[in-house]
Peer 1: 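Take this structure first; my questions come after.
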Amino acid sequence: MIDALRVILAHTLAGALALPAAALAQEASQALGERLRGRVQQRASAPAATPLPAGRHALTVRHDGLARQVIVHVPAGLDPGRGAPLVLAFHGGGGHAEYMADDERYGLTTTADREGFVVVFPNGYSRWPRGRLATWNAGSCCGDARERGVDDVGFVRAVIDEVATRVPIDRARIFATGMSNGGMLVHRLACEMADVVRAVAAVAGTDGTTDCRPARPVSVLHIHARDDTHVLFDGGAGPDAFRDPGKVTDFVSVPQTMQRWVQRNRCDATPQRTLEVAGAYCDTWRGCAGGVSVQLCVTDTGGHSWPGASTVRRGKAPASQALSANDVMSEFFRRSAAR
């Protein structure tokens, strides 16, 4: 009898102890649900990003603890019911977004107006308040961005997402171009953002990636001058590269860069000469996986500059006028979008 009473008492005490715990769990669950509903309602009531009209706009994009400036140029006459192509344009090492957006030096806003694409000029990593002397982490190069391991790939994804909240973008027609260190970055984007970027066009900046495994084949255009004195055509850093050799690297040659992409995209081994004019030529590798293409355009002169540009840095050789980087790039992007 005593043992039976002990068992009943034990069960009664256990139940009494369990009730507060169950009640607390229920209250915690209800509180969590209310917090989640509050967050959803807060997001739903948050004002939508202001759409960007035609013209030039400055945005701030925050990623990985950094607030970085981005210039967006929206051409006039975009069809609001149809997403526009997006071209990301990356400045060279030691430059900044405003420099790349200078139409006299690069002509990309004029090209955007003519071709009907939105062009975005992100700013690289800089220690300075105005974003000057910025660099990109393109793998083996360059400067503080490389030394600090800046997540430029993640930043580019954040830029695309931010711009897409302001302008109707066709996600199937996102492209990237860049000069020098910016060109090196677009090679990296082709390696790590092939799920997003359909084609890239690098000017005077070879492949500096250390590990390249594209999620899918991607079209690659590379433009380079034979007499480039910064990123040497046959490999290495030239006498006009950064004065501090620790800021650069032993650049991969143009032929090796092209061979890497021919192998990655499983193209035919032998290219076809697709353009030959006085002072320049283009070779194209066809038969690549996924219908992509790999193309190299070479100018005899122009040094470390943007072919077709009307203005270059003071003291530098004039840009080659044998071909226009913007025209070649635009045609390459159109063909890539059509596949």
Side-chain angles (χ1 to χ4, degrees), residues 90-95 99-100 124-125 133-150 152 176-192 200-212 220-264 269 271 279-283 285 294-307 309 312-320 322-323 325 328:
F90 300 96
H91 61 77
Y99 192 88
M100 191 72 180
Y125 171 76
L133 300 176
T135 53
W136 301 103
N137 180 7
S140 63
C141 191
C142 293
D144 291 339
R146 176 197 61 190
E147 296 305 309
R148 293 172 179 263
V150 174
D152 279 324
T177 187
M179 170 69 190
S180 189
N181 182 205
M184 296 172 195
L185 179 65
V186 304
H187 282 293
R188 183 177 181 188
L189 297 183
C191 291
E192 299 182 33
V200 302
V203 178
T206 53
D207 180 9
T209 59
T210 55
D211 183 22
C212 182
V220 175
L221 165 65
H222 188 89
I223 302 174
H224 215 105
R226 279 277 184 189
D227 65 347
D228 192 323
T229 56
H230 290 69
V231 181
L232 301 181
F233 190 91
D234 292 319
D240 293 327
F242 279 119
R243 294 179 181 178
D244 180 358
K247 299 290 185 182
V248 293
T249 187
D250 188 17
F251 299 119
V252 172
S253 71
V254 173
Q256 185 178 355
T257 294
M258 304 317 296
Q259 189 57 36
R260 286 180 176 184
W261 282 113
V262 168
Q263 292 176 350
R264 290 164 184 160
Y281 69 86
C282 294
D283 285 343
W285 286 262
V294 173
Q295 184 172 338
L296 169 66
C297 292
V298 178
T299 61
D300 293 340
T301 62
H304 196 66
S305 62
W306 191 268
V312 297
R313 288 185 183 274
R314 184 180 303 174
K316 298 297 182 183
S320 172
L323 58 78
V328 173

Peer 1: Could you measure the distance from the SG atom of Cys141 to the CG atom of Asp207? Nearest 0.5 Å is fine.
Peer 2: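 The distance works out to 12.0 Å.
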Peer 1: Once you round to the nearest 0.5 Å, how far does CG of Asp144 lie from CG of Leu133?
Peer 2: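 Nearest 0.5 Å value for the CG-CG distance: 9.5 Å.
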Peer 1: For His304, give me all partners under ring-ring contact (aromatic ring centres under 6.0 Å, His included), at least two apart in sequence or on another chain.
Peer 2: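 Applying ring-ring contact (aromatic ring centres under 6.0 Å, His included) to His304 gives His230.
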Peer 1: Less than 4.0 angstrom from a charged side-chain N to a carboxylate O is my criterion; do Arg313 and Asp240 meet it?
Peer 2: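 No salt bridge links Arg313 with Asp240.
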Peer 1: Look at the aromatic rings of His187 and Trp261 and report parallel, tilted or perpendicular, splitting at 30° and 60°.
Peer 2: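 Answer is parallel, since the angle falls under 30°.
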Peer 1: Are the side chain of Thr206 and the backbone N or O of Phe251 linked by a donor-acceptor pair below 3.5 Å?
Peer 2: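 Here the side-chain-to-backbone pair does not exist.
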Peer 1: Given His91, which partner from the list Tyr99, Trp306, Trp136 fulfils the ring-ring contact (aromatic ring centres under 6.0 Å, His included) test?
Peer 2: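 The ring-ring contact (aromatic ring centres under 6.0 Å, His included) with His91 is passed solely by Trp136 among Tyr99, Trp306, Trp136.
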Peer 1: Holding to salt bridge (Lys or Arg N to Asp or Glu O under 4.0 Å), I want the full list of residues that pass it with Asp234, two or more places apart in sequence or in another chain.
Peer 2: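 With neighbours one apart ignored, the set is empty.
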Peer 1: Evaluate the side-chain contact (heavy atoms from CB on, under 4.5 Å) criterion for residues Cys212 and Arg260: first the C-alpha distance (whole Å), next the side-chain angles of each, then the deciding distance (0.1 Å), finally the verdict.
Peer 2: CA-CA 10 Å; Cys212 182; Arg260 286 180 176 184; over 6 Å; no
Peer 1: Got a second to check how far Thr135's OG1 is from Asp152's CG, nearest 0.5 Å?
Peer 2: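 It is 8.0 Å, given to the nearest 0.5 Å.
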Peer 1: Indicate yes or no for a side-chain donor-acceptor contact from His222 to the backbone of Met258 under 3.5 Å, with no hydrogens or angles considered.
Peer 2: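 Not confirmed, His222 side chain does not pair with Met258 backbone.
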Peer 1: Please report the closest heavy-atom contact between Ala225 and Gly302, naming both atoms and the distance.
Peer 2: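 Looking at all heavy atoms of both residues, the closest pair is CB-C, 4.4 Å.
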Peer 1: Can you find a heavy atom in the side chain of Cys282 that is under 4.5 Å from one in the side chain of Leu323?
Peer 2: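 With C-beta onward as the side chain, the pair touches.
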Peer 1: Indicate yes or no: at least one non-hydrogen side-chain atom of Pro271 is less than 4.5 angstrom from one of Leu296.
Peer 2: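 Side-chain contact under 4.5 Å: no.
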Peer 1: Just verifying a value: how many Å separate Arg146 CZ and Ser140 OG, rounded to the nearest 0.5 Å?
Peer 2: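 Going from CZ on Arg146 over to OG on Ser140, the span is 7.0 Å.
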Peer 1: Once you round to the nearest 0.5 Å, how far does CG of Leu185 lie from CG of Leu189?
Peer 2: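 Leu185 CG to Leu189 CG: 4.5 Å, rounded to 0.5 Å.
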Peer 1: May I ask you to test the Phe233-Asp228 pair for a side-chain heavy-atom distance under 4.5 Å?
Peer 2: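 In short, these two side chains do not touch, never coming nearer than 4.5 Å.
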Peer 1: Which atom pair, heavy atoms only, marks the closest approach of Asp227 to Gly303?
Peer 2: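 For Asp227 versus Gly303, the nearest heavy atoms are OD1-N, 2.8 Å.
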Peer 1: Can any side-chain N or O of Arg148 pair as donor or acceptor with the backbone N or O of Asn137 at less than 3.5 Å?
Peer 2: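 Such a contact is absent between Arg148 side chain and Asn137 backbone.
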Peer 1: Is there a side-chain contact between Leu221 and Cys297 in this structure, where contact means two heavy atoms from C-beta onward sitting under 4.5 Å apart?
Peer 2: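 When only atoms from C-beta onward are counted, Cys297 and Leu221 do touch, with a gap below 4.5 Å.
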Peer 1: Measure from the side-chain N and O atoms of Thr177 to the backbone N and O of Ala201, and report whether any donor-acceptor pair falls under 3.5 Å.
Peer 2: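 Yes; judged by distance alone, with no hydrogens or angles, the pair exists.
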Peer 1: What distance do Thr299 atom OG1 and His224 atom NE2 have between them, rounded to the nearest 0.5 Å?
Peer 2: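 The NE2 atom of His224 is 8.5 Å from OG1 of Thr299, to the nearest 0.5 Å.
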Peer 1: Looking only at heavy atoms, which two atoms of Gly246 and Glu147 are closest? And how far apart?
Peer 2: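 Distance-wise, the nearest heavy atoms are O-OE2, 4.1 Å.
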Peer 1: If you define the side chain from C-beta out and look only at heavy atoms, does anything of Lys316 sit under 4.5 Å from Ser305?
Peer 2: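 Result no, sub-4.5 Å side-chain heavy-atom pair not found.
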